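Owing to the predicted nature of the structure, the values given are computational and were not obtained by experimental measurement.
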Amino acid sequence: MAEQKRDFYEVLGLSKGASEEEIKKAYRKLAKQYHPDLNPGDKEAEAKFKEVNEAYTILTDKEKKARYDQFGHAGVDPNFGAGGGDFGGGFGDFGDLLGDLLGGFGGFGFGGGSSSRRTGPQKGETLRASLELTFEEAAFGCEKEINLNRNEPCEECHGSGCAAGTSPETCPDCRGTGTVRVQQRMGGMAFSSSAPCTRCRGTGRMIKSPCKACGGAGSVKRQKRLSVKIPQGIDDGQAVSLPGQGNAGRNGGPAGDLLVGVRIKPHNLFRREGTTVLYEQPVSFTQAALGAQLEIPTIDGKVKYDLPAGTQTGTTFRLREKGIPALRGRGRGDQYVTVRVQVPTNLNGEQKEALRAFAAAMGEGAPEGGVKGFFKSKKHK
């Protein structure tokens, strides 16, 4: 028995009707919590990361979200119904199912409208690709190129699937509707339902002389090199949508879309939380005690900062607007710098004596084991 999916709103910890901003905020928090890079070898975290990404993909797509809100998981299942392939086909076939159920009780006529959607123009399937970016590329935006295999309209038949000089013929069995009526009797009652036409495979058309270039499919597989503009501020796990760059449509329909997912390489200095950059600055005891002018690395380059005398390890200060630019918005986040006082190691005899003299001047006495307790703060009297 297939495992039942959790409600997408429940996955993100939200209630139905949550705003787009609430969805994005919940996603960022959970995606970071369960990211495989932060949970190496944790299969449960990996599964939850995939679950969170699926929920985010559906609930941030207005068309898919509307179908999900109305029909649940069935409305966005790519294998739902006879259409297969893309979500649009599955949704149309769901209408056929309703028509079949209602049509058997008095013939309300729902089946005819949905079958016309199946035989009419259909949007092509959405394709997916991925890109790996550096920390800076994601922060400031960039332009990347990707190689993509996709179905494109056949140049020989212009997408009709027919050989030159010929055209599709209307299927004689379904008369172009793509469906046939089937009557069944159960318990003395007669039920009428619709089913895809087996002769034309639900297309309503028959190609007697198929195009040799595409074999009657109307499209051919080609490799395409595309340029993708990455907006500044994009975060790990988010995607860029390229409308019309997916697979070719059917029956004269428009091409599908391309979704390019983004993964950001870890940085050796910085960490990111939304538009905030986090950095740890090592300093010596002398710098912390006496103060110093530091050169702090940022994603814009190094900046000078005057460290106050007596700074304690763990102290955090802010560099305004040195963080990540806002995604498709104005302003930037900040960079937070946490001071880490480094403990001296491998001291020679002269250095140890100097430290003991310093400890004595501070009224501490000679510390056991060399310099243990050296960094305990002590105020001058």
Check against side chain to side chain contact (heavy atoms under 4.5 Å, CB included), Phe49 and His35: CA-CA 6 Å; Phe49 181 74; His35 198 286; 3.8 Å; yes
Approximate separation, where rounding is to 0.5 Å, of Ile324 CD1 and Phe270 CZ: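 These two atoms lie 9.0 Å from each other.
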So which heavy atom on Ser209 is nearest to which on Thr166, and how close?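 That would be O-OG1, 3.7 Å.
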Go through it in stages, so that I can follow the logic: the residues are Leu355 and Lys352, the test is side chain to side chain contact (heavy atoms under 4.5 Å, CB included), and I'd like the CA-CA distance, side-chain angles, deciding distance and then a yes or no. CA-CA 5 Å; Leu355 289 176; Lys352 290 179 181 179; 5.7 Å; no
Run Val283 and Gln342 through side chain to side chain contact (heavy atoms under 4.5 Å, CB included) and show every step you take. CA-CA 6 Å; Val283 299; Gln342 294 181 314; over 6 Å; no
For Tyr9 and Ser15, which heavy atoms make the closest approach, and how far apart are they?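 In terms of heavy atoms, the two residues are closest at CD2-O, 3.6 Å.
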All N/O donor-acceptor pairs, side-chain side in residues 167-175, below 3.5 Å, sequence neighbours left out:
residue, atom, partner, partner atom, Å
Glu169, OE1, Lys208, NZ, 3.3
Asp173, OD1, Arg199, NH1, 3.1

Nearest 0.5 Å please: distance from the CG atom of Asp236 over to the CD atom of Glu132.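 Taking CG in Asp236 and CD in Glu132, the distance rounds to 9.5 Å.
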Side chain Asn39, main chain Asp42, donor-acceptor under 3.5 Å: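 Looks like no, no N/O pair under 3.5 Å.
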Would the number of heavy atoms belonging to other residues, nucleotides or ligands and lying under 6.0 Å from CZ of Arg320 be above 12?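 No, the 6.0 Å shell around CZ holds no more than 12 heavy atoms from other groups.
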Exam field: side chain Asn53 to backbone Gln238, donor-acceptor pair closer than 3.5 Å: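 No, the answer is negative, given that no donor and acceptor are paired below the 3.5 Å cut-off.
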May I ask you to say whether Arg67 pairs ionically with Glu63, meaning some side-chain N is under 4.0 Å from a carboxylate O?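 The answer is yes: the pair qualifies as a salt bridge.
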For residues 285-300, which side-chain donor-acceptor pairs fall under 3.5 Å, sequence neighbours excluded?
residue, atom, partner, partner atom, Å
Gln287, OE1, Ser284, N, 2.9
Gln287, OE1, Ser284, OG, 3.4
Gln293, NE2, Asp306, OD1, 3.4
Glu295, OE2, Lys304, NZ, 3.3
Thr298, OG1, Asp300, N, 3.1
Thr298, OG1, Gly301, N, 3.3
Thr298, OG1, Gly301, O, 2.5
Asp300, OD1, Arg332, NH1, 3.4
Asp300, OD2, Arg332, NH1, 3.2
Asp300, OD2, Arg332, NH2, 3.0

Listed by chain and number, what are the ring-ring contact (aromatic ring centres under 6.0 Å, His included) partners of His158, not counting sequence neighbours?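 His158 satisfies ring-ring contact (aromatic ring centres under 6.0 Å, His included) with no residue once adjacent residues are dropped.
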Taking the side chain from Thr316 and the backbone from Thr338, do they hold a donor-acceptor pair closer than 3.5 Å?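 No; zero donor-acceptor contacts below 3.5 Å.
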How far apart are the closest heavy atoms of Cys157 and Gly161, and which atoms are they?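 Smallest interatomic distance, heavy atoms only, reads SG-N, 3.1 Å.
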Clusters formed by hydrophobic residues whose side-chain heavy atoms approach within less than 4.5 Å: which one holds Leu278, and what are its other members?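 ILVMFWY cluster around Leu278 also holds Tyr336.
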Do the side chains of Leu30 and Leu38 join up, straight or via other hydrophobic residues, at under 4.5 Å, putting them in one cluster?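 Result: no, two separate clusters.
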Check whether Val52 and Leu259 end up in the same hydrophobic cluster, where Ile, Leu, Val, Met, Phe, Trp and Tyr are linked by side-chain heavy atoms less than 4.5 Å apart.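 No, separate clusters.
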Any chance CZ of Arg340 has more than 12 other-residue heavy atoms, nucleotides or ligands included, within less than 6.0 Å?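 Yes - once you tally the heavy atoms of other residues, nucleotides and ligands closer than 6.0 Å, there are more than 12.
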Taking Gly237's backbone N and O only, do any of them form a donor-acceptor pair with Tyr27's side chain (distance below 3.5 Å, no angle check)?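 Side chain of Tyr27 to backbone of Gly237: a pair is present.
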When you look at Glu51 and Lys48, which way does the salt bridge (charged side-chain N to carboxylate O under 4.0 Å, His left out) test go after all the steps? CA-CA 5 Å; Glu51 186 181 40; Lys48 287 186 176 180; over 6 Å; no
When clusters are formed by joining ILVMFWY residues with side-chain heavy atoms under 4.5 Å apart, either directly or through shared neighbours, do Met206 and Val180 land in the same one?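 Different clusters.
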Ignoring hydrogens and geometry beyond distance, is a side-chain donor-acceptor pair present between Glu54 and Tyr56 at under 3.5 Å?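 Judged by distance alone, the side chains do not pair up.
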Hey, is the main chain of Glu321 close enough, under 3.5 Å, to the side chain of Asp334 for a donor-acceptor pair?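 Looks like yes, one N/O pair under 3.5 Å.
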For Lys24, the option from Glu21, Glu20, Glu22 that meets salt bridge (charged side-chain N to carboxylate O under 4.0 Å, His left out):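 The passing option is Glu20.
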Run the side chain to side chain contact (heavy atoms under 4.5 Å, CB included) test on Leu59 and Leu12 for me, step by step, so that the C-alpha distance in whole Å, both residues' side-chain angles and the decisive distance to 0.1 Å come before the verdict. CA-CA 10 Å; Leu59 297 182; Leu12 297 178; 3.9 Å; yes
Any residue meeting salt bridge (charged side-chain N to carboxylate O under 4.0 Å, His left out) with Glu273, in chain and number order, not counting sequence neighbours: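 For Glu273, the residues satisfying salt bridge (charged side-chain N to carboxylate O under 4.0 Å, His left out) (neighbours in sequence not counted) are Lys32.
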Glu280 side, atom CD; Leu269 side, atom CG - distance, nearest 0.5 Å: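 Answer for the CD-CG pair, Glu280 versus Leu269, is 11.0 Å.
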Contacts of Ser227 that satisfy side-chain hydrogen bond (donor to acceptor under 3.5 Å, both in side chains) - sequence neighbours left out: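 Partners of Ser227 by the side-chain hydrogen bond (donor to acceptor under 3.5 Å, both in side chains) criterion, ordered by chain and then number, come out as Glu143.
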What's the spacing between Ser219 OG and Arg250 CZ if we round to 0.5 Å?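 These two atoms lie 9.0 Å from each other.
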Sequence neighbours left out, what pairs pass ring pair (Phe, Tyr, Trp, His ring centres under 6.0 Å) with at least one residue falling in residues 309-329?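 Passing the test, one end in residues 309-329: Tyr305-Phe317.
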Report the residues that fulfil side-chain hydrogen bond (donor to acceptor under 3.5 Å, both in side chains) with Asn346, sequence neighbours left out, ordered by chain and then residue number.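 Partners of Asn346 by the side-chain hydrogen bond (donor to acceptor under 3.5 Å, both in side chains) criterion come out as none, since no residue qualifies.
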Counting only N and O atoms by type, is there a donor-acceptor contact under 3.5 Å from the side chain of Glu137 to the main-chain atoms of Thr134?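 Pair found, side chain donor or acceptor close to backbone of Thr134.
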Over all atoms of both residues, closest heavy-atom pair of Gly244 and Ala255: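 Between these two residues, the closest heavy atoms are O-CB, 3.6 Å.
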Given 3.5 Å as the limit, does a donor-acceptor pair link the side chain of Asn247 with the main chain of Gly124, or not?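 Judged by distance alone, no pair lies under 3.5 Å.
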Does any donor atom in the side chain of Tyr68 or Asp7 lie under 3.5 Å from an acceptor atom in the other side chain?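 Result is yes, a qualifying pair exists.
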Set of residues satisfying salt bridge (charged side-chain N to carboxylate O under 4.0 Å, His left out) with respect to Asp235, sequence neighbours excluded: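 Expected list: Arg272.
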For Glu44, look at atom CD and say whether over 12 heavy atoms of other residues, nucleotides or ligands are found less than 6.0 Å away.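 12 or below, so no.
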Listed once per pair and sorted, the salt bridge (charged side-chain N to carboxylate O under 4.0 Å, His left out) pairs that draw on residues 146-168, sequence neighbours left out: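 Output for this query lists Arg150-Glu152, Glu152-Arg222.
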NZ/NE/NH1/NH2 to OD/OE distance under 4.0 Å, Asp61 and Lys65: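 Lys65 and Asp61: not salt-bridged.
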Enclosure of Lys224 NZ (heavy-atom neighbours >12, cutoff 6.0 Å):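 No - once you tally the heavy atoms of other residues, nucleotides and ligands closer than 6.0 Å, there are 12 at most.
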Going by side-chain heavy atoms closer than 4.5 Å, which hydrophobic residues are tied to Val228, directly or by a chain of links?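 Its cluster partners, ordered by chain and number, are Leu127, Leu131, Leu133, Ile146, Leu148, Leu226, Ile230, Ile234, Val240, Leu242, Leu258, Val260, Val262, Ile264, Leu327.
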Report the distance from atom OH of Tyr279 to atom NZ of Lys322, rounding to the nearest 0.5 Å.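 Here the rounded value is 14.5 Å.
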Going from CZ on Arg128 to OG1 on Thr126, what distance comes out if it is rounded to the nearest 0.5 angstrom?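 That separation rounds to 6.0 Å.
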Test salt bridge (charged side-chain N to carboxylate O under 4.0 Å, His left out) applied to Glu350 - qualifying residues, sequence neighbours left out: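 Glu350 satisfies salt bridge (charged side-chain N to carboxylate O under 4.0 Å, His left out) with no other residue.
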